[in-house]
Amino acid sequence: MSLLTVADVSKSFRTRRRAPVFTAVDSLSLELEAGRTVAIVGESGAGKSTLGRIVARLVDADTGTVTLDGVDLTELRGKALVQMRRFVQMVFQDPYNSLDPTYTVGRAVAEPLRIHFGMNRTDRERRAMSLLDRVELGSYHATRRPKELSGGQLQRVAIARAIAVEPKLVVCDEPVAALDASTRAEILNLLREPARDQRPRVCLHHPRPLHRPSHR
């Protein structure tokens with residue numbers, strides 16, 4: 001049985017009241033098994049980000065269903081939807097805008113632990129330090145704010161935050177698009193940890209020679 005099933009999903013937008021309808025996702029279906037990675041490749045405007053947000057329930061589909069581990073995510077509302085957030089986490093394209101500028105790095109990583117696990121402050125700070133080490137950032141970064149870090153460091157923080165609650169699925173929306181070439185390679189290697197991290201991923205990519213689409 002597939003962990004993630006996207007069945008006949010469509011999503012359209014209208015940018016202005018009388019503007020033509022723009023179809024971002026048109027009757028798309030896919031399946032993803034646990035421990036696997038699937039890459040969705042397309043040009044800018046092809047609907048990759050919209051698909052990722054539909055899977056993470058940040059955007060509602062017009063039609064179709066998204067099922068995770070037998071649960072139809074498109075039907076969830078209220079408290080059930082909040083609880084679902086723990087199981088699907090997202091790494092966004094722009095590391096500069098995906099983190100709250102008023103939070104320290106340590107708080108940004110620890111906040112999901114408070115929301116989803118109710119951890120006390122001491123335990124979540126300890127866990128945040130461990131996660132920062134895991135993404136190859138020293139624990140001394142915990143007291144810094146996003147403006148004090150580089151793009152590559154911020155994306156490492158975003159990854160640490162995404163895996164903090166041990167989700168069943170991680171959606172990566174062009175996570176290296178805003179980074180320079182050398183940093184891209186580092187972040188991609190971090191995301192590929194096959195031995196230590198068996199969480200399945202949906203990776204949304206703009207077609208570039210730097211990261212050839214593959215199924216693993």
Side-chain angles (χ1 to χ4, degrees), residues 4 32 34-44 46 48-49 51-53 55-56 58 88-101 103-113 124-216:
L4 173 71
L32 178 63
R36 303 277 291 182
T37 298
V38 61
I40 310 297
V41 180
E43 300 291 344
S44 296
K48 304 182 301 299
S49 294
L51 173 63
R53 284 164 170 75
V55 170
L58 300 177
V88 183
Q89 289 289 305
M90 195 159 182
V91 179
F92 294 92
Q93 179 179 149
D94 186 352
Y96 297 95
N97 291 323
S98 66
L99 297 169
D100 189 326
Y103 281 21
T104 63
V105 166
R107 183 179 176 186
V109 175
E111 188 69 2
L113 300 171
R124 63 178 184 262
E125 286 181 351
R126 185 182 299 115
R127 173 66 174 156
M129 297 295 184
S130 175
L131 287 160
L132 290 175
D133 285 338
R134 182 171 178 180
V135 298
E136 301 175 9
L137 282 177
S139 56
Y140 60 88
H141 287 91
T143 58
R144 296 185 177 182
R145 297 190 186 277
K147 66 180 181 180
E148 300 176 74
L149 275 62
S150 68
Q153 289 172 326
L154 289 175
Q155 201 62 299
R156 291 175 188 274
V157 175
I159 293 168
R161 181 181 62 178
I163 65 176
V165 291
E166 300 180 355
K168 294 180 179 181
L169 175 70
V170 179
V171 180
C172 302
D173 184 6
E174 296 193 47
V176 297
L179 308 179
D180 59 59
S182 60
T183 308
R184 285 178 190 171
E186 294 174 3
I187 297 300
L188 286 173
N189 287 334
L190 183 63
L191 287 168
R192 285 170 179 155
E193 289 187 291
R196 295 174 58 190
D197 184 357
Q198 291 299 310
R199 275 177 286 274
R201 298 178 180 88
V202 175
C203 294
L204 310 165
H205 290 311
H206 187 282
R208 292 188 183 94
L210 280 172
H211 38 273
R212 184 177 58 196
S214 63
H215 293 263
R216 295 187 291 108

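In this text the structure is predicted, and so the values were computed from the model without any measurement. Side-chain atoms are counted along with the backbone in the values below, which use heavy atoms only and exclude waters and symmetry mates.
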Step by step, work out the side-chain contact (heavy atoms from CB on, under 4.5 Å) result for Arg107 and Asp100.
CA-CA 10 Å; Arg107 183 179 176 186; Asp100 189 326; over 6 Å; no
Give the C-alpha distance, both sets of side-chain angles, the deciding distance and a yes or no for side-chain contact (heavy atoms from CB on, under 4.5 Å) between Phe92 and Leu58.
CA-CA 12 Å; Phe92 294 92; Leu58 300 177; 3.7 Å; yes
Evaluate the salt bridge (charged side-chain N to carboxylate O under 4.0 Å, His left out) criterion for residues Glu111 and Arg161: first the C-alpha distance (whole Å), next the side-chain angles of each, then the deciding distance (0.1 Å), finally the verdict.
CA-CA 8 Å; Glu111 188 69 2; Arg161 181 181 62 178; over 6 Å; no
Could you go through the side chain to side chain donor-acceptor pair (under 3.5 Å) check for Ser130 and Asp133 one step at a time?
CA-CA 5 Å; Ser130 175; Asp133 285 338; over 6 Å; no
Just do the side-chain contact (heavy atoms from CB on, under 4.5 Å) check on Gln89 and Val171 with the steps written out, would you?
CA-CA 6 Å; Gln89 289 289 305; Val171 180; over 6 Å; no
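Looking only at distances, a side-chain donor or acceptor of Tyr96 sits under 3.5 Å from a matching main-chain atom of Gly151. Lys48 places a side-chain N or O within donor-acceptor distance of the main-chain N or O of Gly42, the cut-off being under 3.5 Å.
Going from atom CG of Leu99 over to atom NZ of Lys147 covers 14.5 Å, rounded to the nearest 0.5 Å. Here the straight-line distance linking atom CE of Met90 with atom SG of Cys172 works out to 8.5 Å at 0.5 Å rounding. Rounding to the nearest 0.5 Å gives a distance of 8.5 Å between NE2 of His141 and CG of Leu132. Of the inter-residue distances, the one linking Arg127 atom CZ with Arg124 atom CZ reads 14.0 Å to the nearest 0.5 angstrom.
The shortest side-chain heavy-atom distance between Arg144 and Leu149 falls under the 4.5 Å cut-off. Here the side chains of Val55 and Leu169 are in contact, with some heavy-atom distance below 4.5 Å. By the 4.5 Å heavy-atom criterion applied to side chains, Val91 and Gln155 are counted as neighbours.
With Arg156 as reference, Leu137 is the one residue of Thr183, Leu137, Leu131 to meet the side-chain contact (heavy atoms from CB on, under 4.5 Å) rule.
By the 4.0 Å N-to-carboxylate-O rule, Asp173 lies close enough to Arg53 to be salt-bridged with it.
The side chain to side chain contact (heavy atoms under 4.5 Å, CB included) test applied to Asn97 returns Asp94, not counting sequence neighbours.
For Ala128 against Ala110, the heavy-atom pair with the smallest separation is CB-CB, 4.1 Å. Closest non-hydrogen pair, Pro101 versus Arg145, comes out as O-CD, 4.0 Å.
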